[in-house]
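Input: a single structure, listed below in structure tokens.
For the numbers below, each heavy atom of this structure counts, side chains included, while hydrogens, waters and symmetry mates do not.
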Amino acid sequence: MLFKKNGEWRVFEAVQPVSETSLAAWVARGKNGQFVVKRLRDAETVLTPAALQRLQAAGEQYRGRNYDLYFGWSDERMYCSELLWKMYHQATGREIGKLQALREFDLGHPAVQAKLQERYGKRIPLDEKVISPVRMLESPELVTVR
């Protein structure tokens with residue numbers, strides 16, 4: 001979630017823990033300084049001052065929560081796309097991207113199998129709800145800011 005604070009662009013994100021980071025530091029962690037900015041397709045009408053306050057309040061309730069390495073859907077821990085999905089859903093009622101069950105992902109690659117084994121052992125939660133960054137990025141609710 002990108003926002004301006006005291007004249008500086010900041011990113012509210014689920015890292016360890018959920019917190020805010022300067023946009024410059026956030027971009028530096030990425031690949032080749034490239035990033036994409038998206039916003040609601042009808043932000044001008046939906047993101048009223050009241051909605052923006054609800055969005056901020058929705059995020060603040062998660063500030064300080066630990067990062068969720070297991071991608072669970074509870075509110076105890078947060079992963080990146082889960083944080084944004086829940087913030088928008090709570091503040092606007094919008095679902096940014098389609099929720100999926102873990103079983104709907106391609107889990108066949110050996111590296112994925114190894115990570116699943118490491119995190120879950122034999123108890124992989126295949127029915128766990130998940131929101132992937134790709135589903136959010138492809139959501140028709142969002143448009144790219146140029």
Donor-acceptor pairs under 3.5 Å, side chain of residues 45-53 to any protein atom, not counting sequence neighbours: which ones?
residue : atom : partner : partner atom : Å
Thr45   : OG1  : Asp42   : O            : 3.1
Thr48   : OG1  : Ala51   : N            : 3.1

What pairs of donor and acceptor atoms, side-chain ones from residues 56-64 against any protein atom, are under 3.5 angstrom apart with sequence neighbours left out?
residue : atom : partner : partner atom : Å
Glu60   : OE1  : Arg63   : NE           : 2.8
Glu60   : OE2  : Arg63   : NE           : 3.3
Glu60   : OE2  : Arg63   : NH2          : 2.8
Gln61   : NE2  : Ala58   : O            : 3.2
Gln61   : NE2  : Gln90   : OE1          : 2.3
Tyr62   : OH   : Gln90   : NE2          : 2.6
Arg63   : NH2  : Glu20   : OE1          : 3.0

Do any pairs count as a ring-ring contact (aromatic ring centres under 6.0 Å, His included) and have a residue in residues 81-104, sequence neighbours left out, and if so which ones? Trp73-Trp85, Trp85-His89

Neighbour count >12 (heavy atoms, 6.0 Å) for atom CZ, Arg29: yes

Which residues pass the salt bridge (charged side-chain N to carboxylate O under 4.0 Å, His left out) test with Asp127, not counting sequence neighbours? Arg103

Please list, chain by chain and in numerical order, all residues satisfying ring-ring contact (aromatic ring centres under 6.0 Å, His included) with Tyr79, sequence neighbours excluded. Phe71

I'd like to check the ring-ring contact (aromatic ring centres under 6.0 Å, His included) partners of Phe105; sequence neighbours left out, ordered by chain and number. none

Can you tell whether the side chains of Glu104 and Arg135 come within less than 4.0 Å, N to carboxylate O? no

Taking 4.0 angstrom as the limit, do Asp75 and Lys86 come out as a salt bridge? yes

Please answer: with hydrophobic residues joined when any side-chain heavy atoms are less than 4.5 Å apart, are Val37 and Leu137 in the same cluster? no

Val11 reachable from Trp9 in the ILVMFWY side-chain graph, under 4.5 Å edges: yes

Indicate whether any N or O donor in one side chain lies under 3.5 Å from an N or O acceptor in the other, for Thr21 and Glu13. yes

